[in-house]
Structures are given as structure tokens and as C-alpha cells.
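Every value quoted in this text rests on a predicted model; they were computed, and no experiment measured them.
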Amino acid sequence: MYSFAKVFPVIVCGILALAGCAPPQYEISLIHPYREGRPFEECSIDLGFYKPVQQRPGQDPNIVLVVAASGGGYRAANFAAGALLGLEEIQSRYLPAGNVLSEVDYFSSVSGGGFAVGAYFSTLLDYRRFNGTTKGYSFAAAIAPTTSACPCKHSPPPQQKSDPCVRRHLQGLYSDFIGDFLRTLLPWNHLGFDDRNLRFEKAIDDDTLSYRWRRKKLESLQDPNADKNAALTLADVFVRADDPGRQVVMPYWFANAAVYQNAVIFPFSPEHLRLYEATGYYHRGRKKICEHNCPDLNDFALNTPLSLAVASSANFPIAMPPLRFASKMDANNRYFYLFDGGIADNLGVITAFRLLEDKINENALARVLIVIDSYQGGLIPFTEEKKAPSEARTAVRIMETGLDSWRTRYREVINRLCEQKNIKPIYISFDDLVDADFNDLCPFGLNEQDKNDLLAHKPRGCPKATPFYIARSISMTSPVFWGPKGLEYRIPDSQQNLLIAAGRYVVSKKQGEILAALGWN
């Protein structure tokens, strides 16, 4: 969300911290959490902490379906949104009212992929809240283009069941560009009091998770606690196993962050907050603490805002500081920090495997992993440049090598793990656009004006004017536009339409493979 020119002066300061990042370990095992005085090992996931997600009405209990949505900023957000639309379009003759998207049991997202999953969850939760049921919900309708002013200036009309501006939010978050620049000059920013991460979390809450629209909707319904009730929490997604009064109505969503101190994966969830004994955080710029020595860590974890999960997973290193959480686990070290989950695993597949391998799911007849991969990195090992890269360019390149190295071998690793565990992997990526032309994408939402705009204004560094190269060249951060509240970072309409159409197109190509994996063919 921040331009490269802005963060370049501090990039060199972060190189040493990032240079040691390596692809994640491939072994998946149950590991104990840290205790003071004992070595730390990465915490696994225990789904026994929650009610089984297959208890949702209309689910096939014999299928465990996990969708992993990769990082990659707004490129990943819109490609993943298109892929989710494509999954919704695949109907099941075994479940007449269902489709592949509604059959998904778990989401494992990283960074920008979490924006698309957040759009799905926020619109589905709002539809259920204001309609009384999820029957009739359509993700396609929820993110259809709209001419409504965004953000909404007036009370939402009674017939409006979810934020009509979600599609626009997927183009980029509002950012006070001038204010951010001026704040970087203030002395306290150099003394550890930079609050960009807090404003980023608030922007995600307002836009990606529709807090701003939801508050207006609740106010129009005379809700006296509209401010409090407008924020989605982990309790809206997860249901504790020992909660007798609630039923599972949503898939479970793990937005993956990385722990700053040791770069392990943190699948943001009530269970992991409990394992880390989290007792405090900042939400919308205000401190929240578990009072009276935290008598119930589980309850505190469940009431943690969902925006913290998305922000922790997406706050790109150096562009903004990690998010701080208080903990009572170690008396000598009272905090832990979370930042971009791509540092540990930019695909979210490690968490996805842990979900598929959990004892609750190990005996399912069909276990399926769909990987939505919005990778942008280099395709070939050669260059036309005669001059060796400069020290500065090499320093920047170091930050990308972990992702590139993992990407060159991730399918081999995933396929071997899946073969051992009888899991069926399916890949949704830009690779399936190699032979596609613009006409192939027209049935999936790309129009002639989009095509002309894309040809006239190719993204910087795009070598060829084809859907494959243009989609891959769309930056993780966005161009700057003048918006309703000032300068914004967001991708143009034509680029968004290309990415969404590309996601739908690739899923349509994989429809037979998906149906076969689920046993629906």
C-alpha cells in the first residue's frame, strides 16, 4: 500500500533481518507451545478446540476442502476474488442448493489473499445478520460493480444486506498519503512511536471488513451499541467446542501472520491467541486489555477483532511496523509482534496441511487442497543486462529470493506431501493464462474498454501485452489516485477486471479436476 520510493530509505536497515528468511520447513507435526525456560517450537493447530465445521447445514461430511489464498497485495486480492467467484459457479448435482465455494471448510490466507477472503466473509456474515439466513446469498452479487458513492454517506436502504462498495475496496485502501509522509518526518517516528500499523488496521476494518458500512446500517436500525457491534470478531467465525448455545454456520478462516521474533507461522485464531496467552492489543487506535488478570483467555481471544488477523497477515515489512500484542506467558518478555505472513509461507499451504492432517479430518473420504497462487516473480534464469546488479539492487533482491526459491519447488513439495497423505491438490495460478488471449476472458467479465485501457496503459515492466504478462506485472502495491478523501492507493478498474476475470477463467479450466477431486463428477 506504500510506494517503493517512500520505503526505500529504510530498506537497507531491514535487509539483515530479512536476509535470513528461508522457505518453510516441509515436515508437518504436532508440536508443543513455548513455556518460559523451555525451547520454543512452532505451535500446531488443534481443531478439537472448536466445534466441527462439517456440522454446518448442507455440508457433505465426507469432504474436507481447504482453500489456500496466497499473498501479493491487490493483485492477489482480486485474482483470489475471481477464483472464489469461479468456485461459486461450479454447482453440485449431489447438493442441489450448494456449490464448491459453499462447500469450503477452511480458508488459509496470507496477506492480500486475505482481502478477498475478508470480502467473502464480511458480506456473508452481513447477509446472514440482516437477512436472518444465508439462503440466497451470492458472492457474485456481493461484489458486483456498483455506481454507489463509496464510502456511503447516507444510511443504507432497507433492502441493502451487505456493503455495496466491497469491490471498490478490493482495489485499494484509502491512505492519507500526505499525512503519512509528514508523520515520517516527526521525531517520535524515529523513537519507536510510529502508528502506521494502527491506521492500517483501522483501514482494513473500515473497508475490507465493512465496519464503516455496517455501523451505518446498525445505526439506521437504532442499535444503541452500533459502534461496538459493527466490528467483526473471531467469534463470528469460530465456535468453541464447549459452547452449547452456538452452532457452526461459517467455514473457519486462518489468516496467517509471522512472528517477528522468530519468523514462525501464526495462524491467527482464538486457539493461537490462547496458546500465546495474549492479553492485550490495539484496535482502531485504542488499547484493549484483558482486565482483572485475565480470568478467561479463551473468551478474550474469541472477542479479538477480525481486522487484527487481516492486518497482522498483511502489514508488509519496512512499509509499516509489526503489530504488538501483550502476553502473560513469559514474565520477562511481555510482548510478541506479528507481521506479513509471507515471510514464513506466502502460499498458506503449511497451515492448510495442518488443517487437512488434523485428527478430526484424517478419515474423510475426500481431502482436497485448492491453492490460489498469485505469484509474480521471475520466469527465466537469464537477463540481457551485461552489467552486474548494483549493491542497492542486490539488497532489494535479497528480500524476494526466499519467495522465488520456494516458488520454484513448491509444487514438487506439495505434490509429494499430498501423495503421502492421500490429499488431492489443485492449483489456480497465472500459469494457466499462458496461452489465453483477451477474448478468452470476455465471458468472465472483461470488456472491450478494459482491453483498450490495458493495451494503452500496461503496468510498468510488463514485457508483452497479453493477459498472462499484464496480470503478473500488476504491482503488489498500487498506483496513486485522487479519491473522495484525498490521495489513494488503488489499482485501475481495467486491471481489477482483468484479475477477477482471470481467476474465474482459470477455475473454469480446472472445473473437471475440481469435481473429480470432490467425487462430484
Inset, instruction - Give the C-alpha distance, both sets of side-chain angles, the deciding distance and a yes or no for salt bridge (Lys or Arg N to Asp or Glu O under 4.0 Å) between Glu103 and Arg56. - result: CA-CA 10 Å; Glu103 187 63 35; Arg56 290 178 296 153; 5.9 Å; no
Inset, instruction - Can you see which heavy atom on Ala140 is nearest to which on Leu85, and at what distance? - result: CA-CD2, 3.4 Å
Inset, instruction - Check Arg284, Arg215, Arg199 against Asp206 for a salt bridge (charged side-chain N to carboxylate O under 4.0 Å, His left out) and give me the one that passes. - result: Arg284
Legend entry - Parallel, tilted or perpendicular: rings of Tyr252 and Phe238 (30°, 60°): parallel
Legend entry - Over-ring placement of Arg129 relative to Tyr127, 6.0 Å and 45° cut-offs: no
Inset, instruction - Assess the side chains of Asn78 and Arg167: does a donor N or O sit below 3.5 Å from an acceptor N or O? - result: no
Legend entry - Short side-chain to backbone donor-acceptor contact, Glu88 and Phe139, under 3.5 Å: yes
Inset, instruction - Inspect the contact between Lys424 and Glu419 and indicate whether a charged nitrogen and a carboxylate oxygen are less than 4.0 angstrom apart. - result: no
Inset, instruction - Of all the heavy-atom pairs spanning Asn361 and Val64, show the shortest one and how long it is. - result: OD1-CG2, 3.6 Å
Legend entry - Centroid-centroid under 6.0 Å between Phe107 and Phe121 rings: yes
Inset, instruction - Scan side-chain atoms only and decide if Arg168 and Gln171 contain a donor-acceptor pair under the 3.5 Å cut-off. - result: no
Inset, instruction - Establish, from distance only, whether the side-chain atoms of Asn497 and Asn447 form a donor-acceptor pair under 3.5 Å. - result: no
Inset, instruction - Specify the closest pair of heavy atoms between Asn315 and Phe339, including all atoms of both residues, with the distance to one decimal. - result: OD1-CA, 2.9 Å
Legend entry - Side chain Arg472, main chain Gln376, donor-acceptor under 3.5 Å: yes
Inset, instruction - Examine distances only and state if a side-chain atom of Ser220 and a backbone atom of Lys217 form a donor-acceptor pair shorter than 3.5 Å. - result: yes
Legend entry - Under 3.5 Å donor-acceptor, Gln511 side chain and Ile90 backbone: no
Legend entry - Distance-only donor-acceptor check, side chains Thr123 and Arg128, under 3.5 Å: no
Legend entry - Asp432/Lys510 salt bridge by N-O under 4.0 Å criterion: yes
Inset, instruction - Take the angle between the ring planes of Phe254 and Tyr106 and call it parallel below 30°, perpendicular above 60°, tilted in between. - result: tilted
Legend entry - Flag for Ser313-Asn256: side-chain donor and acceptor within less than 3.5 Å: no
Legend entry - Heavy atoms from other residues, nucleotides or ligands near CD of Gln159 exceed 12 (cutoff 6.0 Å): yes
Inset, instruction - Begin from the C-alpha positions of Lys202 and Asp207 and carry the test salt bridge (Lys or Arg N to Asp or Glu O under 4.0 Å) through to its verdict. - result: CA-CA 9 Å; Lys202 183 177 181 295; Asp207 294 344; over 6 Å; no
Inset, instruction - Using only heavy-atom distances, determine whether the side chains of Asp163 and Ser210 contain a donor-acceptor pair under 3.5 Å. - result: yes
Legend entry - Tyr427 and Tyr410 aromatic ring geometry - parallel, tilted or perpendicular at 30°/60° bounds: perpendicular
Legend entry - Set of side chain to side chain donor-acceptor pair (under 3.5 Å) partners for Thr208, sequence neighbours left out: none
Inset, instruction - Could you tell me whether a side-chain N or O of Asn229 sits under 3.5 Å from a main-chain N or O of Asp223, the two making a donor and an acceptor? - result: no
